[in-house]
Amino acid sequence: MSILQILDIGLAGLVLAVAAWTVFARDAFAAVVGFVAYGLLLSLVWVRLFAVDVALTEAAIGSGVTGVLLIGAAGRLRKLEASGGDDELPGASLRLFAAALCIFVTLVLAGVVLSLPDPGPTLAPEAARHLAETGLGNPITAVLLSYRSFDTMLEKVVLVLAVVGVWSLAADQYWGGAAGNPRGAEPDGTRALLAQVLPPLGILIGIHMVWVGADEPGGAFQGGAILAAMWMITMMAGLTEMPSIRSRLLRLVLVAGPAVFVAVGVAGVAFASGVFAYPTGFAKPLILFIEAFMTLSIAVTLPVLVAGPPKRLRQQ
Amino acid sequence: MTAATLAGFIGSALVGLGLYGLITDPQPIRKILGFNLIGSGVFLLFGIVARKGAAAGFAADPVPQAMVITGIVVAFSASALAIALVLRLYEVAGPVSLRSEHTSNKAEK
């Protein structure tokens, strides 16, 4: 058994132990903190599958941004739960039955994993054959923004729909207000220093990750998530605040990504072979153009979703 | 056993663990956590399919990987909407639980 295999088994044990912690921990807040650690460990498993793009996404969005969302929610729920929450588990017989069911599901899936054909069916040769036409070096970016660009466009629309859903949960009196804390709330020296030192570096790394995403692991999602994190840090430190949901600029930026995507896609009818097709020779510049607006939209959408519905009216 | 097969087993176990949390824990936020565990387990199963499809000089099939990246972002959107719903429900109705009627009757007796 090689050292790498021992490390793999150790990593597997660690991932499953932390995942079990998030299920069995008594305190919801502790479970959520476990979930963040779990996401980071899981991204190491993705690296072992040679899927660095997925690992970056899992670390940035699956663990990072989802973690901020859940920790904020768990903190608020804990305050509310002091008035008598109900966290009693169901009876032993039901738990035993659920455990048996879950073990059965796991065993069936493990059986499927063992019976997968090796090498399996693959679209990799197809992806490689047309890579030169897109001008890209990263096949995953080519799938996301060229071969299956329609899916990615719809996924951007899902993000906008989620924002509409979250905003629609606002209490009537706060409609037109803003979410999160106002500027200058909770002044905190350490956090303010971090929020001043980190963003210049983070913004650079975020933009770099989008730029190299054409040829190397990275892309609009991962870079956008880092930019989103930088904005969230400055909001947590009270240096910036969420704009009002009535803000035209905010709404424009939220829909810029999908709108530009649709516009370029529809223009393909006139200038290329069909909807969501790129004219020959212009694929790469167009893809980078779409990615620029997508990154902007992602960087703003993620913090808006984390902040939740508006909770205060802005002082004029 | 290769790293890919091991990752497949991790994915299978994560689906089981998440399903258990989803069924047994009455707290809504814990159900959302369980839901996310199932999701990441399913994504890992996609990952092993991608790895087994290594060809044409790529270490893994790029198509399932792109689907997982899209999936992670959609899962985040769903979680954000679910969390907003739970918090709003708390504000309007006080502490909430998704315990079944049957067990809560038993607890009262």
Side-chain angles (χ1 to χ4, degrees), chain A residues 8 12 15-16 19-20 22-23 28 31 35 42 45 48-51 53-54 57-58 61-62 66 69 73-74 77 80-81 84-87 89-90 95 98 102 105-106 109-110 113 116 118-120 122-125 127-128 139-140 143-144 151 155 158-159 162 165-166 169 221 305 308-309, chain B residues 3-10 12-17 19-21 23-24 26-27 29-30 33-34 37 40 44-45 47-53 55-63 65-66 68-70 72-74 76-77 79-81 83-85 87-88 90 94-95 97 99 103 107:
Chain A
D8 274 339
V15 168
L16 291 178
T22 69
V23 172
F35 184 78
L42 195 64
V45 178
R48 288 295 294 137
L49 285 170
F50 296 90
D53 289 86
V54 182
T57 314
E58 172 63 37
I61 299 178
T66 309
L69 172 80
L77 288 176
L80 294 163
E81 257 167 18
D86 180 7
D87 56 353
L89 292 176
R95 269 184 293 164
C102 297
V105 169
T106 297
L109 287 174
V113 167
L116 281 175
D118 196 12
T122 175
L123 289 168
I140 296 164
V143 173
L144 283 172
D151 295 352
E155 182 239 71
V158 167
L159 279 172
V166 167
L169 294 168
F221 298 106
L305 284 175
Chain B
T5 311
L6 190 62
F9 289 151
I10 300 176
S12 314
L14 288 178
V15 172
L17 271 170
L19 192 62
Y20 181 78
I23 294 173
T24 56
Q27 288 176 285
I29 191 167
R30 305 296 291 269
L33 269 180
L37 281 185
S40 50
L44 263 191
L45 293 174
I48 176 176
V49 171
R51 181 75 179 112
K52 298 232 172 193
F58 298 142
D61 186 352
V63 178
Q65 292 185 64
V68 169
I69 291 176
T70 309
I72 290 174
V73 178
V74 172
F76 165 75
S77 312
S79 301
L81 189 57
I83 289 284
L85 281 167
L87 287 175
R88 185 79 184 115
Y90 258 77
S97 168
R99 206 140 57 99
T103 41

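Chain naming here is simple, since letters A, B, ... match the order of the sequence lines and numbering starts at 1 in each.
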Enquirer: Heavy-atom distances under 4.5 Å only: say whether Leu42(A) touches chain B with side chain, backbone, both or neither.
Expert: side chain
Enquirer: Does any heavy atom of chain A fall under 4.5 Å from the side chain of Leu45(B), the backbone, both, or neither of them?
Expert: side chain
Enquirer: Quick check on Val54(A) against chain B: is it the side chain, the backbone, both or neither that has a heavy atom closer than 4.5 Å?
Expert: both
Enquirer: Who wins among Val74(B), Ile69(B), Ile23(B) for the most heavy-atom pairs under 4.5 Å with chain A?
Expert: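 Highest number of heavy-atom pairs under 4.5 Å: Ile69(B).
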Enquirer: Just to verify, what does Phe76(B) make a ring-ring contact (aromatic ring centres under 6.0 Å, His included) with, not counting sequence neighbours?
Expert: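 For Phe76(B), no residue satisfies ring-ring contact (aromatic ring centres under 6.0 Å, His included) once neighbours in sequence are set aside.
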Enquirer: Output the option from Leu49(A), Val15(A), Asp8(A) having the highest count of non-hydrogen pairs under 4.5 Å with chain B.
Expert: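 Counting heavy-atom pairs under 4.5 Å, the top option is Leu49(A).
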Enquirer: Quick one: of Leu116(A), Leu123(A), Val45(A), who has the most non-hydrogen atom pairs under 4.5 Å with chain B?
Expert: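 When all of Leu116(A), Leu123(A), Val45(A) are compared, Leu123(A) has the most.
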Enquirer: What's the spacing between Ile29(B) CD1 and Ile83(B) CD1 if we round to 0.5 Å?
Expert: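 Reported to 0.5 Å precision, the distance equals 4.5 Å.
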Enquirer: With a 4.5 angstrom heavy-atom cut-off, could you sort out which part of Val105(A) is near chain B: side chain, backbone, both or neither?
Expert: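 Interface part for Val105(A): side chain.
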Enquirer: Kindly say whether Leu169(A) contributes a backbone atom to a donor-acceptor pair with the side chain of Arg88(B) at under 3.5 angstrom?
Expert: yes
Enquirer: Below 4.5 Å, heavy-atom pairs only: which of Gly47(B), Ala60(B), Ser79(B) has the largest tally toward chain A?
Expert: Gly47(B)
Enquirer: Does any backbone or side-chain atom of Ala13(B) lie under 4.5 Å from a heavy atom of chain A? Answer side chain, backbone, both or neither.
Expert: both
Enquirer: Give the member of Thr70(B), Leu85(B), Val68(B) that has the highest number of heavy-atom pairs under 4.5 Å with chain A.
Expert: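 Answer, by heavy-atom pair count under 4.5 Å with chain A: Thr70(B).
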Enquirer: Just so I know, are the side chains of Leu77(A) and Leu87(B) near enough to count as touching, which here means a heavy-atom distance under 4.5 Å?
Expert: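 Yes, close enough: below the 4.5 Å cut-off.
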Enquirer: Given that the side chain runs from C-beta out, which part of Leu37(B) has a heavy atom under 4.5 Å from chain A: side chain, backbone, both or neither?
Expert: both
Enquirer: Measure the spacing between CG of Asp53(A) and CD1 of Ile140(A) and express it to the nearest 0.5 Å.
Expert: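 Here the interatomic distance stands at 3.5 Å.
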Enquirer: Output yes when a side-chain donor or acceptor of Arg95(A) lies under 3.5 Å from a complementary backbone atom of Tyr20(B), and no otherwise.
Expert: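 Flag not set: sc Arg95(A) to bb Tyr20(B) has no pair under 3.5 Å.
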Enquirer: Quick check for you: to the nearest 0.5 Å, what is the distance between Leu144(A) atom CG and Gln65(B) atom CD?
Expert: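 Going from the CG atom of Leu144(A) to the CD atom of Gln65(B) covers 10.0 Å.
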Enquirer: Tell me every residue that passes ring-ring contact (aromatic ring centres under 6.0 Å, His included) with Phe35(A), counting only those two or more places apart in sequence or in another chain.
Expert: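 Applying ring-ring contact (aromatic ring centres under 6.0 Å, His included) to Phe35(A) gives Tyr38(A).
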Enquirer: Would you mind telling me which of Ala51(A), Ala19(A), Gly62(A), Pro139(A) has the largest number of heavy-atom pairs within less than 4.5 Å of chain B?
Expert: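 That would be Pro139(A).
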Enquirer: Only pairs of heavy atoms separated by less than 4.5 Å count here; which of Val49(B), Leu19(B), Ile72(B), Leu81(B) has the most with chain A?
Expert: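 Highest number of heavy-atom pairs under 4.5 Å: Ile72(B).
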Enquirer: Using 0.5 Å steps for rounding, measure from the OG1 atom of Thr66(A) to the CG atom of Leu305(A).
Expert: 10.5 Å
Enquirer: Which one of Ala7(B), Gly21(B), Gly8(B), Ser77(B) has the most heavy-atom pairs closer than 4.5 Å to chain A?
Expert: Ser77(B)
